[in-house]
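Here is the structure we will look at.
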Amino acid sequence: MEKKIYGCLLILLSVCHLFAQTGTVRGNINLENGDAADFVSVGFQKLGKGGYTDKKGFYEIKNVPVGTHILIISYVGFKTESVEVSVKNNQTTRVKTVKMKVESGELEEIEVIGSKAERYIEELPSMSLKITTPLIETPQNISVATQQTIRDFGIIGTAEMSRLTSGIVKRYGNDNDFAFIIRGTNATNNIFRNGVGSYWWNQQSDAYMIERVEFVKGPSGFMIGNSEPGGLLNEVTKQADGVKVGEVMVGSGSYNLARLGVDIGGELSNRFNARLVAGGQYTETFYDFYESNRTYIVGSLR
């Protein structure tokens, strides 16, 4: 019985000794010009053992099982190298210096084209102002509030447009009737829509139907003759520009404010573009027995 136990222990120790047979692998990696290649990945295939080179291009891998293995050397932008290494028990195997070669392959060309959705600056006036000179070259104080600016300010109607620029204040009005003072001049009749004036008595535009607002400060008779010398406000509605659009707007707020709008448009054919904007608004106020309704349909064919 004791002989059998001693025999089993001997076999077990032999197996453990066999499995414990490991060695160490060392080497250096250089670039083609002879400089040391640092942070190069070095690892044995199928063993899960490896590491990286130091600043001098030196690497050392310990506890590598005895036998013949494939050492993989890789670095971004260089050709992957493979070296056959024979590891002996309790010995250090010195691998010959490997020189990394630049990878000759080229990546396929990728062209990325993008545009920012937000737009706050306009360079040209609208056609309704009857000028084609860029705004920066026009000898007139003209500031433009884009649709993105209107949305960011939370504007929902013409009566709030005075918040978008300087030199203009609201004289009176809120939900329906309204009037402005521009540079100290009564501008009640200076509210224009697509170049046509006198939009003020119960004709307040909903902000959702507006593409941009142009504030012309000072005399503007060379553009639009029927206006006071203080300046004018020109609202440009959404136009049929051929860009495919499909949008639904839903909004709510204090005093039972409810808003709904639809904006659809695009190309009808090779010769015609169309766009339709429609919606409405309902709201109450802080006092009883008051409500304000607004509905609009804005069509454009070009």
Side-chain angles (χ1 to χ4, degrees), residues 111-171 178-200 203-245 247 249 263 265-267 273 275 277 298 300-302:
E111 183 178 3
V112 179
I113 300 176
S115 60
K116 200 172 183 180
E118 295 84 359
R119 185 172 182 176
Y120 297 98
I121 299 175
E122 291 287 352
E123 298 178 354
L124 296 173
S126 66
M127 293 185 295
S128 58
L129 289 185
K130 303 177 180 64
I131 57 175
T132 58
T133 307
L135 293 174
I136 196 173
E137 300 176 8
T138 302
Q140 179 80 26
N141 188 337
I142 303 176
S143 60
V144 179
T146 64
Q147 183 186 15
Q148 187 65 47
T149 303
I150 296 172
R151 288 185 177 183
D152 291 350
F153 270 77
I155 304 296
I156 62 175
T158 306
E160 302 176 63
M161 296 297 182
S162 61
R163 296 167 51 196
L164 300 176
T165 187
S166 62
I168 174 174
V169 294
K170 185 171 65 174
R171 181 183 176 191
F178 63 96
F180 290 139
I181 294 178
I182 302 178
R183 286 189 171 180
T185 302
N186 182 3
T188 300
N189 294 314
N190 285 23
I191 310 301
F192 287 73
R193 184 184 299 165
N194 297 325
V196 180
S198 297
Y199 281 90
W200 66 280
Q203 297 184 86
Q204 183 170 179
S205 302
D206 192 278
Y208 189 69
M209 60 185 271
I210 302 300
E211 184 68 32
R212 61 158 74 176
V213 180
E214 297 170 323
F215 301 94
V216 181
K217 302 173 187 178
S220 54
F222 70 99
M223 290 181 290
I224 300 175
N226 183 23
S227 64
E228 298 292 337
L232 61 89
L233 182 153
N234 183 45
E235 299 173 328
V236 181
T237 59
K238 293 180 178 179
Q239 303 293 316
D241 53 8
V243 178
K244 187 177 181 180
V245 58
E247 182 181 81
M249 179 273 296
D263 182 8
E267 294 185 359
N273 301 326
R275 191 168 184 176
V277 183
V298 183
S300 176
L301 181 65
R302 180 176 296 177

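Residue numbers start at 1 and run along the sequence shown.
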Backbone N or O of Gln239 within a donor-acceptor pair of the Arg275 side chain at under 3.5 Å? yes
In terms of heavy-atom contacts, Gly231 and Ala187 come closest through O-CB, 4.5 Å
When rounded to the nearest 0.5 Å, the distance separating CG of Leu135 from CG of Leu124 is 6.5 Å
dist Thr138:OG1 -> Ile131:CD1 (nearest 0.5 Å) comes out at 4.5 Å
For Arg302, does its backbone N or O pair with a side-chain atom of Asn273 as donor and acceptor, under 3.5 Å?
no
Heavy atoms of Ala159 and Ser162 approach each other most closely as O-OG, 4.3 Å
Check: Glu247 main-chain N/O paired with Asp263 side-chain donor or acceptor under 3.5 Å: no
Separation between CZ (Arg163) and CD1 (Ile150), nearest 0.5 Å, reads 11.5 Å
In terms of heavy-atom contacts, Ala145 and Phe215 come closest through CB-CE1, 4.1 Å
| query | Would you say the side-chain atoms of Gln140 pair up with the backbone N or O of Lys217, donor to acceptor, closer than 3.5 Å? | reply | yes
Arg212 and Ser126: side-chain donor and acceptor closer than 3.5 Å? no
>> When you measure from the side chain of Gln204 to the backbone of Thr158, do you find a donor-acceptor pair of N or O atoms at a distance under 3.5 Å?
In response: yes
*Flag, side chain of Ser300 to backbone of Ala240, donor-acceptor distance under 3.5 Å*: yes
* Determine whether Arg193 and Met209 make a side-chain contact, defined as any pair of heavy atoms from C-beta on separated by less than 4.5 Å. => yes
With distance as the sole test, does Asn194 use its side chain to make a donor-acceptor pair with the main-chain N or O of Thr237 at under 3.5 Å?
yes
Practice item. Show your reasoning for whether side-chain contact (heavy atoms from CB on, under 4.5 Å) applies to Val216 and Phe192. Key: CA-CA 11 Å; Val216 181; Phe192 287 73; over 6 Å; no
Does any part of the side chain of Glu214, heavy atoms only, come nearer than 4.5 Å to the side chain of Glu122, both counted from C-beta?
no
Output for pair (Ile181 CD1, Thr188 OG1), nearest 0.5 Å, gives 8.0 Å
Could you tell me whether the side chain of Lys170 reaches within less than 4.5 Å of the side chain of Phe180, counting heavy atoms only? yes
Separation between CD (Gln147) and CD (Glu211), nearest 0.5 Å, reads 5.0 Å
When rounded to the nearest 0.5 Å, the distance separating CD of Glu235 from OH of Tyr199 is 10.0 Å
Taking the side chain as everything from C-beta on, heavy atoms only, tell me whether Asn189 gets closer than 4.5 Å to Glu228. no
- Query: Hey, is the main chain of Pro229 close enough, under 3.5 Å, to the side chain of Thr185 for a donor-acceptor pair?
  - Reply: no
#### Entry: Any side-chain heavy-atom pair of Tyr120 and Asp152 under 4.5 Å
yes
Side chains of Tyr208 and Val277: does their closest heavy-atom pair fall under 4.5 Å? yes
Q: State, yes or no, whether a side-chain contact exists between Ile142 and Pro125 at a heavy-atom distance under 4.5 Å.
A: no
Measure the shortest side-chain to side-chain distance between Ile155 and Ile210 over non-hydrogen atoms and say whether it is less than 4.5 angstrom.
no
